[in-house]
Amino acid sequence: MLPLTPADYRALARARLPAATWDFFEGGAGAEWTLRANRAQFRRHVLRPRVLVDVSAPDCSTELFGARLAAPFGVAPMAYHQLACPEGEIATARAARAAGALLVVSIFAGRRLEEIARAGGDAPRWLQLYWLRDRAALADLAGRAEAAGFGALVLTVDAPKVARRLRDLRNSFAVPDGVRAVNLDAALAVGAARSGSSAIEAHSVEQFDRSITWADLSWLRQKTSLPLVLKGVLTAEDARRAVDHGVDALVVSNHGGRQLDGAPPALAALPEVVDAVPADCPVLVDGGIRHGTDLAKALALGARAALIGRPVLWGLAHSGEPGARHVLDLLRTELLDTLVLSGRPTLADLDRTLLADWPPPHHLRREDPPG
Ligand SMILES: Cc1cc2nc3c(=O)[nH]c(=O)nc-3n(C[C@H](O)[C@H](O)[C@H](O)COP(=O)(O)O)c2cc1C
Ligand SMILES: O=C(O)C(=O)c1ccccc1
């Protein structure tokens, strides 16, 4: 089968991956309610097409922190791309560069930052951090990122610990031998499998500093001159607080349903965050974006760009760099089609008038009594 959508890559990737790896990629926290809600929320909006608009030159390129993107999206930070393909983040960096997409590298990447940077060339990349107890390790990463041409630091704030993910507990999931977070000291690595527990959850409990507060942000600020992005904000209150603390951009995210189960779908939280921050503060979003139409909906609700998580892993698992590149290219192609067919040829034309609620609110439902 020739894959024509990210969903096609999902089916092909599943057949190639060990069951426990598949579960780690696909799974969420708890009852996976938020995981499902991320997708369901996209189905609650329909697109209101405008006709007889000149759509002969659609353009979905954009700029973020001074870097040019061919399309308004990037690869979400995800640990250990070598679980999907042997080249790991090197393949992803080449794919993102070829597709003109931003790459956000996880602190738990399996390849060295400097190598990833070489593979990415002049394409834009950011580094994601978790706040480890070992602040020297954080300071070291911040310095290396700046030296290797990373354009921003992304602090993930929705994970004081990794959540209880039932699939990983049932599988006693651990990272296989030969895959390691090489940008950190071996002493900070994820441990071995233990029956009935998740090595990743256990590791986070040991290594993540869950005592940090807003007051600690100034420490990280002062370690770097790079823009600072907070990932995992879902409320207007925290969005305002972030801006007050000098944060340069936000990612509205529930971590792909992998952290607080019961958190709102990212798309539903997006408008309150967009409305809470100044217009010059970029708001990104991730979670459940699988189609070009999903991108159009997120942008219409005020996102400057989106991050793509699992679909990139599907492409990597299918065929490494070309697979990941094709997934990103498909999303850009689908977005361009959406711009043309909805009569909104540029990203500036995507606003809330593109969307209507679905199903439409009724005054009178069939089951309501007459009169
Ligand atoms: C396998 C996997 C590993 C992840 N690792 C990280 C990580 O290291 N750091 C982080 O901030 N988010 C991590 N995330 C969350 C993603 O950055 C992103 O928020 C989420 O996957 C977006 O949802 P989507 O997969 O539905 O597109 C991970 C997600 C997955 C699926
Ligand atoms: O962030 C995650 O979702 C995740 O899966 C992870 C992986 C390795 C270490 C910490 C978190």
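Whatever order the structure lists ligands and atoms in, that order sets their numbers, starting from 1. Every value quoted in this text rests on a predicted model; they were computed, and no experiment measured them. Computation of the quantities below employed the complete heavy-atom set of this structure, encompassing side-chain atoms and omitting hydrogens, waters and symmetry-equivalent molecules.
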When only distance counts, is [X] in polar contact with ligand 1, meaning an N/O pair under 3.5 Å?
X    : answer
L307 : no
A76  : no
G309 : yes

Identify the closest protein heavy atom to [atom]: which residue and atom is it, and at what distance?
atom                    : answer
atom 26 (O) of ligand 1 : R290 NH2, 2.7 Å
atom 1 (O) of ligand 2  : Y130 OH, 2.5 Å
atom 11 (C) of ligand 2 : V162 CG2, 3.5 Å
atom 8 (C) of ligand 2  : A79 CB, 3.7 Å
atom 10 (C) of ligand 2 : F108 CE1, 3.5 Å
atom 19 (O) of ligand 1 : D286 OD2, 2.7 Å
atom 6 (C) of ligand 2  : I200 CG2, 4.1 Å
atom 15 (C) of ligand 1 : H255 CD2, 3.4 Å
atom 14 (N) of ligand 1 : P77 O, 3.3 Å
atom 4 (C) of ligand 1  : M78 CA, 3.5 Å
atom 12 (N) of ligand 1 : K231 NZ, 3.0 Å

Notebook entry, point to check: Heavy-atom contact under 4.0 Å between M78 and ligand 2?
Noted result: no
Check this for me: does any side-chain nitrogen of one of [X] and [Y] sit under 4.0 Å from a carboxylate oxygen of the other?
X    : Y    : result
D140 : R144 : yes
R36  : D261 : no
R165 : D23  : no
E32  : R167 : yes
E26  : R10  : yes
D329 : R332 : yes
R68  : D122 : no

For the residue pair [Y] / [X], report whether a side-chain donor-acceptor contact shorter than 3.5 Å exists.
X    : Y    : result
T235 : E272 : no
D158 : N254 : no
D286 : S253 : yes
R325 : T92  : no

Notebook entry, point to check: Heavy atom under 4.0 Å from ligand 1: found in Q128's side chain, backbone, both, or neither?
Noted result: side chain
Note to self: Side chain, backbone, both or neither: which applies to Q259 and ligand 1 if a contact is any heavy-atom pair less than 4.0 Å apart?
What the structure shows: neither
Next item on the list: Could you tell me whether the side chain of R111 and the main chain of E87 form a donor-acceptor pair under 3.5 Å?
Entry: yes
Next item on the list: Check for a donor-acceptor pair, side chain of R210 on one end and backbone N or O of K161 on the other, with a separation under 3.5 Å.
Entry: no
Run the numbers for me: atoms of ligand 1, each under 4.0 Å from some heavy atom of [X], listed by number.
X    : value
R310 : 23 (O), 24 (P), 25 (O), 26 (O), 27 (O), 31 (C)
S106 : 7 (C), 8 (O)
S253 : 19 (O)
T156 : 10 (C), 11 (O)
A79  : 3 (C), 4 (C), 5 (N), 6 (C), 8 (O)
R258 : 1 (C), 2 (C), 3 (C), 28 (C), 29 (C), 30 (C), 31 (C)
L313 : 1 (C)
F24  : 1 (C)

Checklist line | Least distance between heavy atoms, A324 atom then L316 atom | finding: CB-CD2, 3.7 Å
Check: Just going by heavy-atom distances, which of F108, F25, Y130, Y80 is nearest to atom 7 (C) of ligand 1?
Finding: Y130
Next item on the list: Step through it carefully: locate the ring centre of F108, locate the ring centre of H203, and say whether they are under 6.0 Å apart.
Entry: yes
Next item on the list: Select one of side chain, backbone, both or neither to describe which atoms of H255 lie under 4.0 Å from any atom of ligand 2, heavy atoms only.
Entry: side chain
Notebook entry, point to check: At a non-hydrogen distance cut-off of under 4.0 Å, which region of R165 contacts ligand 2 (side chain, backbone, both, or neither)?
Noted result: side chain
Notebook entry, point to check: Other hydrophobic cluster members with L69, side-chain heavy atoms of Ile/Leu/Val/Met/Phe/Trp/Tyr under 4.5 Å, chained?
Noted result: L64, F65, L102, V104, W126, V154, V229, V251, L284, L307
Notebook entry, point to check: V205: which other cluster members, linking ILVMFWY side chains closer than 4.5 Å, directly or transitively?
Noted result: none
Next item on the list: Say whether H203, considering both its backbone and side-chain N or O atoms, lies within less than 3.5 Å of an N or O atom on ligand 2.
Entry: no
Note to self: Does the residue R39 have a heavy-atom contact with ligand 1, meaning some pair of atoms that are separated by less than 4.0 Å?
What the structure shows: no
